[in-house]
Structure formats: structure tokens, C-alpha cells
Amino acid sequence: MNYKYYYSNHNNQDNYGGKDINQDEYGMKCTKFKVEFPPQTQDIQPGMEYLMHPRPIFDNPNYKSSGKLYDKVAIITGGDSGLGRSIAVCYAKEGAKVVIVYYNEHKDANETKQYIERLGGKCLLLSGDVKNKDFCDYIVNQTMQCYGKIDILVNNAGVQYQQKSLLDISDEQFDYTMKTNMYSMFFLTKRALKYMRPGSTIINVSSVTAFYGEPELIDYVTTKGAIVGFTRSLSTNLADKNIRVNAVAPGYFWTPLQPACWEKEKIPTLGADAPMKRAGQPYEIAPLFVYLASDDSSYVTGQVMHINGGLYKG
């Protein structure tokens, strides 16, 4: 993704994904790539799904549920939209009661809740800042009050900011990214863990960028690498309690985080570097989260699962 761009030619005709190599040999031709997303950007983090065009595909109507998560209770941070929305819907299809934690994306969150309820599922919405320890206490307390237990914790919330150089990353941005992506995971996991029983699962969201080193997301990549270490260490620590901890490292998926982060010229070629020549849709990752939360993965812990269209082979 780092070297592919959008531009309009002199006839004002859009030529997505093409750019000649410049004098510094930066840039390359992007060929045989079907453009699915027009240039767009959002000036808010972590982004609003209802503003995207086209809208992400979060549900697979052909998905066959089988009650793998029947009567389980799942907390999903960032569950209002993007990957989190797809996970929440898939969990509901499998019989779980879901708690969707989100920042301030009220329209997206209510859309997700309504969709889950139309499926016959139960959904609790909790809005606030996961960087705040008191809000993490509130999440756990409200979940216990409403559902009486916590079986699954999906740490999915995060932000990312494109910066061309380390020198462009302010101290304030670095602090904000670290606290949103990593501190919140520590705070909420620590509090939820008090109520998790043998057989419970924790799933953390890392990123493919932690494995190849995206040069324009240095602070974000730092947090995603830390999440890998957190996952591996915590999984070993909790193994004797039969609480499994795994991570998922997504590649480029069409979620609100993309237009909220990247300059609009990069959006049309999102995912073009992957061998499959496209970005993923959120519904394509949700079944992996079902697997990691269910008894199907009862002997799986401390692992990082890669789903990225072949961009990185883990």
C-alpha cells in the first residue's frame, strides 16, 4: 500500500492506482487492480461507517450458524462498526449476548444494535473512552449487572494516524495512540479477568503492519507489536487457569479506520499489495473470531492469526 496512488489525467479522467516512478524511484505502476473504493477521507478518529462509500459488507447472508457461542457473553470494544460490527453480528448469530463498547459513533452503534436485535440477539451499548480506567470499570460492572458473566473479551478498539516521518509524530499523538491502543487493552483485560472463568477467551487485535513495518504508521505499529507480546505473555500466564488468549493480525480491510487515517489518494488502491489484489471486507474475518471464542479452538492459545489476502505469511 505504501507506493500506490490515485491521480487524474490531463483529460480529467480518473486513473485509479497508477503513478510513474519519480526521480527518487518512489512509486510504481499498479496494474490489474479493480478499484472498489473512490478517494475519500474523514477528519475524525476512529471514523464513521455511515459516511463511507461504498459501505463495508459486515454480514454474510450465507453464513450458517450452529450455536457455537450459545448463551455466552462477549464484550467487544470498537464493536459499533468495521471489524467490530462484523464480529458482534456473527457472535449474535452464534447465540452470544454482546456488549458493544464504542467511543462516540452513536449512529453506527445504534445501527449495529438494531441489526442484532432483528436477528433475535441481545445487545448492550456502552459509550465512552477506553483510555479511562473508570470507564473500563463501568464496562465490566454494567456487563455483570446486565448479563451476570463475561465469557469473551475482544480488544478491538484502536486509532491510527498517517505521518510521513517520525519527526511528524507529536509527543501528544504518540501518547494518545499508545493509550488508546495498548493501555486500554491492559485496563479492560485486567478488570474483566476478575470475572472470567475456565473456558473463557480473550482475543486481541494486532495488525499485519506489525510484521512488515508500515513506514507511515510508526506509533500505530509500535502498539500493534506490543499487543503481540502482551498476547503471548498473558496466554502463558493464564494457561493453567484454562483461559485462552490469542490475537488476530488483520491486513487491509475496508473499515472506517482507513478513510479516517489515510490521505484520500491512497484509498482506491487499498489492499493492492496483497497477492489477492484487494482489501478484505469485514464479514470475511468474523468467522475467525468465532473460532477463537468457541470450543473449536480449545487447544489454541498464544497464537497470532494472520488474515491478509496473502500480504504476509505468518
- Task: Report yes if some heavy atom in the side chain of L193 is under 4.5 Å from a heavy atom in the side chain of I243; otherwise report no.
- Result: yes
- Message: Grouping I, L, V, M, F, W and Y whenever their side-chain heavy atoms are under 4.5 Å apart, do V290 and Y115 come out in a common cluster?
- Response: yes
- Item | Residue among L125, D108, I87 satisfying side-chain contact (heavy atoms from CB on, under 4.5 Å) with I100 | L125
- Query: Are K133 and R191 close enough that some pair of their side-chain heavy atoms sits under 4.5 Å apart?
  - Reply: yes
- Item | Between CD1 on residue I75 and CG on residue L124, distance to nearest 0.5 Å | 9.0 Å
- Note on the structure: Output for pair (I267 CD1, T269 OG1), nearest 0.5 Å, gives 8.5 Å
- Task: Answer yes or no: is there a donor N or O on one side and an acceptor on the other, between the side chain of N132 and the main chain of D129, under 3.5 Å?
- Result: no
- Inspect the surroundings of OH in Y195 and state if more than 12 heavy atoms from other residues, nucleotides or ligands are less than 6.0 Å away. no
- In Å, rounded to the nearest 0.5 Å, how long is the span from CD of E284 to CD1 of I307? 7.0 Å
- Taking all non-hydrogen atoms of both residues, which atom of G309 and which atom of A274 are closest, and how far apart? O-CB, 3.7 Å
- Using 30° and 60° as the class limits, which term best fits the ring planes of H306 and F211: parallel, tilted or perpendicular? perpendicular
- Which atom pair, heavy atoms only, marks the closest approach of C261 to Y161? SG-C, 4.1 Å
- Task: Might you point out which heavy atoms bring N104 and M48 nearest each other, and give the distance in Å?
- Result: OD1-CE, 4.0 Å
- Message: Quick check: do K97 and K72 have side-chain heavy atoms less than 4.5 Å from each other?
- Response: no
- Between T231 and A247, is there a donor-acceptor pair closer than 3.5 Å when you use the side chain of the first and the backbone of the second? no
- Expected output: side-chain K313 to main-chain G310 donor-acceptor under 3.5 Å: yes
- Message: Pair Y103, S127 - check side chain to side chain contact (heavy atoms under 4.5 Å, CB included), show working.
- Response: CA-CA 5 Å; Y103 185 42; S127 174; over 6 Å; no
- Query: Is V89 linked to V98 within one hydrophobic cluster, defined over Ile, Leu, Val, Met, Phe, Trp and Tyr using a side-chain heavy-atom separation of less than 4.5 Å?
  - Reply: yes
- Item | Salt bridge present between K93 and D59 (N-O < 4.0 angstrom) | yes
- Message: With a 3.5 Å distance limit and no angle check, can you tell me whether Q142 reaches the backbone of I139 through a side-chain donor-acceptor pair?
- Response: no
- Message: Has N246 got a side-chain atom pairing as donor or acceptor with V300's backbone, closer than 3.5 angstrom?
- Response: yes
- Check: V245 main-chain N/O paired with T301 side-chain donor or acceptor under 3.5 Å: yes
- Does CG in D240 sit with more than 12 non-hydrogen atoms of other residues, nucleotides or ligands closer than 6.0 Å? yes
- Query: Just wondering, do I150 and S200 contact through their side chains at under 4.5 Å, heavy atoms?
  - Reply: no
- Quick check: does any side chain N or O of S81 sit under 3.5 Å from a backbone N or O of G78, one acting as donor and the other as acceptor? no
- Can any side-chain N or O of T77 pair as donor or acceptor with the backbone N or O of V101 at less than 3.5 Å? no
- Calculate, to the nearest 0.5 Å, the distance between atoms CD1 and OG1 belonging to I218 and T223 respectively. 12.5 Å
- Task: Starting at OG1 of T209, measure out to CG of L311 and round the result to the nearest 0.5 Å.
- Result: 10.0 Å
- Donor-acceptor contact below 3.5 Å, side chain S206 vs main chain A249: no
- Pair Y283 + F58: ring centers closer than 6.0 Å: no
- Item | E216 with K164: basic N within carboxylate O range, under 4.0 Å | yes
- Item | Sidechain N-carboxylate O distance under 4.0 Å for E117, K113 | yes
- Message: On a heavy-atom basis, which atom in G158 and which in P46 lie closest, and how many Å separate them?
- Response: O-CB, 3.5 Å
- Should K64 and E94 count as an ion pair when the cut-off is N to O under 4.0 Å? no
- Where S235 and R232 come nearest, the two heavy atoms and their spacing: OG-O, 2.7 Å
- Query: Would you say the side chain of Q160 lies within less than 4.5 Å of the side chain of T177, judging by non-hydrogen atoms?
  - Reply: no
- Message: Tell me whether the rings of H106 and Y102 are parallel (<30°), tilted (30 to 60°) or perpendicular (>60°).
- Response: perpendicular
- Task: Give the intermediate values and the outcome of salt bridge (Lys or Arg N to Asp or Glu O under 4.0 Å) for residues D71 and K122.
- Result: CA-CA 10 Å; D71 201 38; K122 293 184 178 181; over 6 Å; no
- Message: Please check: side-chain N/O of Q40 versus main-chain N/O of P259, any donor-acceptor pairing under 3.5 Å?
- Response: no
- Query: Checking side chain to side chain contact (heavy atoms under 4.5 Å, CB included) for the pair Y176/K131: CA distance, chi angles, key distance, verdict?
  - Reply: CA-CA 9 Å; Y176 188 87; K131 299 192 305 298; 3.5 Å; yes
- Message: Using a strict threshold of under 4.0 Å (side-chain N to carboxylate O), is an ion pair present between K224 and E214?
- Response: no
- Query: Out of curiosity, C146 SG to L126 CG, how far, rounded to the nearest 0.5 Å?
  - Reply: 8.5 Å
- Query: Which atom names give the shortest non-hydrogen contact between A260 and I44, and what distance separates them?
  - Reply: CB-O, 3.1 Å
Under 3.5 Å, which donor-acceptor pairs link side chains of residues 183-190 to any protein atom two or more places apart or in another chain?
from: S184; atom 1: OG; to: T180; atom 2: O; distance (Å): 2.5
from: T189; atom 1: OG1; to: N155; atom 2: ND2; distance (Å): 3.0
from: T189; atom 1: OG1; to: M185; atom 2: O; distance (Å): 2.6

- Query: Side-chain contact, heavy-atom cut-off 4.5 Å: Q162 with K266?
  - Reply: yes
- Item | Candidate pair F289 and Y91, rule side chain to side chain contact (heavy atoms under 4.5 Å, CB included), full reasoning | CA-CA 8 Å; F289 283 82; Y91 277 12; 3.6 Å; yes
- Message: Using side chain to side chain contact (heavy atoms under 4.5 Å, CB included), reason through W262 and T41 one step at a time and then give a plain yes or no.
- Response: CA-CA 7 Å; W262 298 107; T41 187; over 6 Å; no
- Message: Which Ile, Leu, Val, Met, Phe, Trp or Tyr residues join Y70 in one cluster when any pair of side-chain heavy atoms under 4.5 Å counts as a link?
- Response: none
- Query: Taking the side chain as C-beta and beyond, is there a heavy-atom pair between I202 and R244 under 4.5 Å?
  - Reply: no
- Tell me, do L288 and V248 make a side-chain contact under 4.5 Å, heavy atoms counted? yes
- Item | Aromatic ring proximity, centroids under 6.0 angstrom, F37 and H53 | no
- Message: Closer than 4.0 angstrom, basic N to acidic O: yes or no for R85 and E105?
- Response: no
